[in-house]
Amino acid sequence: METVLPSLIDKYNRYLNYLRISITDRCNLRCLYCMPRDGLAKLRHEDILTYEEILRLATIAVNLGVNKIRLTGGEPLIRKGLFQLLPTLANLPGLKDISMTTNGIYLKENLDKIKAAGMKRINISLDTLHRERYRKITGYDGFEKVWDGIRSAEKLGLNPIKINMVVMQGINDDEIVDFARLSLDHPYHIRFIEYMPGGFADQGTQLHHVPNSAVKEQIIRLGKLVRVLNTEIDGPTDRFRLQGAPGEIGFISPLTHHFCQVCNRLRLTASGHLRPCLLSDREIDLKTPMRAGASDNDLAQIFLKAADNKPRAHGLVSEHCGSLSGQMSAIGG
Ligand code: SAM
Ligand code: SF4
């Protein structure tokens with residue numbers, strides 16, 4: 001008889017159906033808000049989960065009710081062999097949605113493989129529409145490549161194409177309206193993300209977030225924002241559409257608008273730890289027991305324990321977490 005496993009429902013009755021998997025801690029960029037310019041200590045190759053291990057853990061998670069998986073990093077498109085993993089992962093029975101967050105530098109050349117692997121949607125991180133500013137933010141002169149990748153993804157019919165902009169005071173907040181305008185001309189979903197302080201970003205850089213309420217105020221100069229209803233797989237994005245626009249506008253506001261009460265996420269780090277909350281350093285090791293011979297059922301119990309350990313909330317409302325602690329590129333954002 002088939003064993004029915006319990007679902008990942010936490011103490012606060014949140015159904016954790018969304019797993020973000022960081023497949024590598026390495027990255028070809030050095031975004032101001034994520035990594036220092038001279039990089040970070042890299043995990044040893046043997047400390048990073050293999051694709052077989054990722055697949056095994058993803059299968060267990062899906063059997064526990066996860067129906068949405070996002071691959072992230074570091075930069076997922078720089079890990080070799082990704083396209084051997086992707087089709088199997090995308091076809092896990094029970095999985096409704098598979099997607100990826102990428103900086104887009106290697107997007108264009110990989111688009112056919114991404115589509116062939118069954119991935120219909122993609123998130124691209126892009127914080128400016130100016131070439132020189134892009135170089136300043138990321139440490140690399142790559143704006144044209146990313147933009148080319150986005151336009152090619154649109155031509156190939158990937159939908160939705162989400163563009164994530166981390167808004168930073170005095171750095172790119174003069175481009176909020178230009179980004180929002182993209183949703184009037186293209187079917188892109190533009191998502192404004194509040195910069196989260198802490199982590200391992202460049203210590204010398206004084207970055208400040210811009211509250212999404214202020215971002216919204218700028219955008220309504222372009223027209224009325226009409227609310228779009230969230231679906232089960234949307235998570236914490238507050239969705240809108242400028243009247244008549246083919247694209248959408250979304251707000252992700254971890255600082256000013258705690259979305260903890262609807263947080264449906266678990267994170268699997270590149271080193272094989274489960275992290276129930278981005279803003280808490282509580283992690284549970286899956287890799288060590290897995291490599292010591294744990295059964296699928298043992299590993300499922302660890303997933304359930306991680307769900308049980310998910311804090312009610314982050315920041316001021318919780319004593320367990322406050323700002324970003326840990327390496328964003330290994331956790332996956
Ligand atoms: N390299 C890929 C990319 O940049 O899209 C995937 C990994 S990156 C860590 C995932 C997301 O985290 C990106 O959209 C990035 O903008 C976001 N992120 C990183 N550090 C952040 C911070 N301090 N505050 C807000 N968002 C951040
Ligand atoms: Fe790399 Fe993404 Fe971090 Fe930028 S945000 S440094 S692209 S991992």
Side-chain angles (χ1 to χ4, degrees), residues 20-40 42-43 69-79 82 99-107 110 114 121-128 134-143 145-146 149-150 153 161-169 171-173 179 189-203 205-212 215 235-237 250-257 259 265 267-270 275 278-279 314-315 322-333:
R20 292 175 69 97
I21 305 178
S22 171
I23 64 166
T24 177
D25 62 327
R26 290 158 205 219
C27 190
N28 50 333
L29 299 186
R30 297 285 179 270
C31 301
L32 287 179
Y33 47 75
C34 181
M35 272 204 209
R37 281 289 136 100
D38 47 4
L40 288 163
K42 293 186 184 108
L43 288 170
I69 287 181
R70 172 174 300 281
L71 299 184
T72 172
E75 174 48 36
L77 289 176
I78 65 171
R79 181 155 175 191
L82 172 63
S99 54
M100 184 192 293
T101 300
T102 169
N103 60 36
I105 295 289
Y106 296 118
L107 181 58
N110 283 301
I114 290 174
R121 22 193 288 123
I122 193 132
N123 285 24
I124 299 134
S125 303
L126 182 67
D127 306 313
T128 175
Y134 184 92
R135 194 188 58 72
K136 284 195 180 131
I137 293 175
T138 66
Y140 178 71
D141 184 10
F143 172 75
K145 281 187 105 176
V146 181
I150 293 174
I161 295 167
K162 295 188 182 172
I163 300 181
N164 290 349
M165 178 199 196
V166 177
V167 185
M168 294 162 283
Q169 217 179 82
I171 304 232
N172 61 353
D173 53 345
F179 268 82
H189 292 198
I190 310 295
R191 305 188 340 156
F192 296 94
I193 303 179
E194 286 176 347
Y195 158 71
M196 286 177 280
F200 290 86
D202 235 329
Q203 300 302 322
T205 327
Q206 290 292 318
L207 297 177
H208 298 283
H209 82 280
V210 177
N212 263 336
V215 173
T237 311
F251 299 99
I252 303 185
S253 318
L255 291 190
T256 58
H257 220 268
F259 40 68
R265 302 168 175 205
R267 291 175 166 82
L268 177 60
T269 69
R275 188 166 173 122
L278 173 64
L279 293 168
H314 71 70
S323 68
L324 206 49
S325 62
Q327 187 178 323
M328 197 66 149
S329 47
I331 305 166

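In what follows, every heavy atom counts, from backbone to side chain, and hydrogens, waters and symmetry copies are set aside. Numbering of ligands and ligand atoms starts at 1, following listing order. From a predicted model like this one, the values you see are computed outputs, not experimental measurements.
Nearest non-hydrogen protein atom to atom 6 (S) of ligand 2 is Cys31 N, 3.3 Å. Atom 3 (Fe) of ligand 2 has its closest protein heavy atom at Cys34 SG, 2.4 Å.
At a heavy-atom distance under 4.0 Å, atoms from both the backbone and the side chain of Thr101 approach ligand 1. Heavy atoms of Cys27 found under 4.0 angstrom from ligand 2 belong exclusively to the side chain. Proximity of Asn123 to ligand 1, defined as any heavy-atom pair under 4.0 Å, is not found for any part of the residue.
Residue-to-ligand polar distances place Gly74 within reach of ligand 1: an N/O pair is separated by less than 3.5 Å. For Arg20, no nitrogen or oxygen atom sits less than 3.5 Å from a nitrogen or oxygen atom of ligand 1, counting backbone and side chain alike. Taking any N or O of Glu75, backbone or side chain, at least one lies under 3.5 Å from an N or O belonging to ligand 1.
Side chain of Ser253 to backbone of Leu255: no donor-acceptor contact under 3.5 angstrom is found. In this structure, Arg79 contributes its side chain and Ile23 its backbone to a donor-acceptor pair below 3.5 Å.
Against a heavy-atom cut-off of under 4.0 Å, Asn103 is close to the following atoms of ligand 1: 2 (C), 3 (C), 5 (O).
Contact of the Thr138 side chain with the Ile105 side chain is not registered, since no non-hydrogen atoms from C-beta on lie closer than 4.5 Å.
In the candidate list Cys31, Ser125, Pro254, Gly73, Gly73 is nearest to atom 9 (C) of ligand 1, counting heavy atoms.
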